[in-house]
Amino acid sequence: MLVLLIILSLSLILGFIFLGFKLSDSIKEADNKALFWILYFVSLLTILQLIICFVFFLSLIHISE
């Protein structure tokens with residue numbers, strides 16, 4: 001279960017980063033590109049936090065059973 005979750009998380013993160021590079025190709029101005037990557041990084045951290053919370057929640061369910 002944990003290995004599958006790690007593989008899915010890594011593939012989601014890599015796909016998210018690849019999508020970021022594809023989206024940032026159309027941005028020409030340096031200021032806008034920097035702002036895009038900052039917001040994109042914050043979004044990635046949010047997704048990582050959700051994954052960690054989900055894993056923690058699953059571990060709490062298994063402890064209570």
Side-chain angles (χ1 to χ4, degrees):
M1 173 71 179
L2 184 60
V3 173
L4 178 64
L5 191 61
I6 290 172
I7 291 172
L8 288 175
S9 299
L10 287 176
S11 64
L12 179 69
I13 292 167
L14 290 176
F16 198 70
I17 291 171
F18 180 73
L19 180 65
F21 280 116
K22 286 292 185 184
L23 288 173
S24 69
D25 285 342
S26 63
I27 302 173
K28 302 297 180 198
E29 298 177 11
D31 292 339
N32 289 342
K33 192 172 261 196
L35 180 63
F36 169 79
W37 280 110
I38 290 170
L39 291 174
Y40 207 74
F41 180 71
V42 169
S43 299
L44 180 63
L45 287 178
T46 303
I47 290 173
L48 284 172
Q49 175 122 14
L50 286 172
I51 291 170
I52 291 169
C53 287
F54 183 71
V55 170
F56 182 69
F57 178 73
L58 287 177
S59 69
L60 285 178
I61 287 176
H62 290 301
I63 289 173
S64 66
E65 291 179 348

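Hydrogens, waters and symmetry mates play no part in the numbers below; they use all other heavy atoms, side chains included.
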Any side-chain heavy atom of Ser24 sitting closer than 4.5 Å to one from Tyr40? no
Non-hydrogen side-chain atoms of Phe41 and Phe36 separated by less than 4.5 Å: no
What's the spacing between Leu2 CG and Ile7 CD1 if we round to 0.5 Å? 10.0 Å
Sequence neighbours excluded, which residues qualify as ring-ring contact (aromatic ring centres under 6.0 Å, His included) partners of Phe56? none
Residues at least two apart in sequence or cross-chain that pass ring-ring contact (aromatic ring centres under 6.0 Å, His included) with Phe54, listed by chain then number, are none
Grouping I, L, V, M, F, W and Y whenever their side-chain heavy atoms are under 4.5 Å apart, do Ile6 and Phe16 come out in a common cluster? no
Can you name the residues that form a side-chain contact (heavy atoms from CB on, under 4.5 Å) with Ile51, not counting sequence neighbours? Ser9, Leu12, Ile47
Once side-chain contact (heavy atoms from CB on, under 4.5 Å) is applied, do any residues pair with Leu39, and if so which ones, sequence neighbours excluded? Leu35
May I ask whether Leu19 and Leu45 are part of the same hydrophobic cluster, defined by side-chain heavy atoms of I, L, V, M, F, W, Y residues being less than 4.5 angstrom apart, directly or through others? yes
What pairs with Phe57 under side-chain contact (heavy atoms from CB on, under 4.5 Å), at least two apart in sequence or on another chain? Ile61
Side chain to side chain donor-acceptor pair (under 3.5 Å) pairs, two or more places apart, involving residues 26-35: Glu29-Asn32
Single-linkage hydrophobic cluster Leu8~Ile17, side-chain heavy atoms < 4.5 angstrom: no
Between the CG atom in Leu48 and the OG atom in Ser43, the distance rounded to the nearest 0.5 Å is 11.0 Å
Spatial distance of atom CG (Leu14) from atom CG (Leu10) [nearest 0.5 Å]: 6.5 Å
Shared hydrophobic cluster for Ile27 and Phe21 (ILVMFWY, side-chain gaps under 4.5 Å): yes
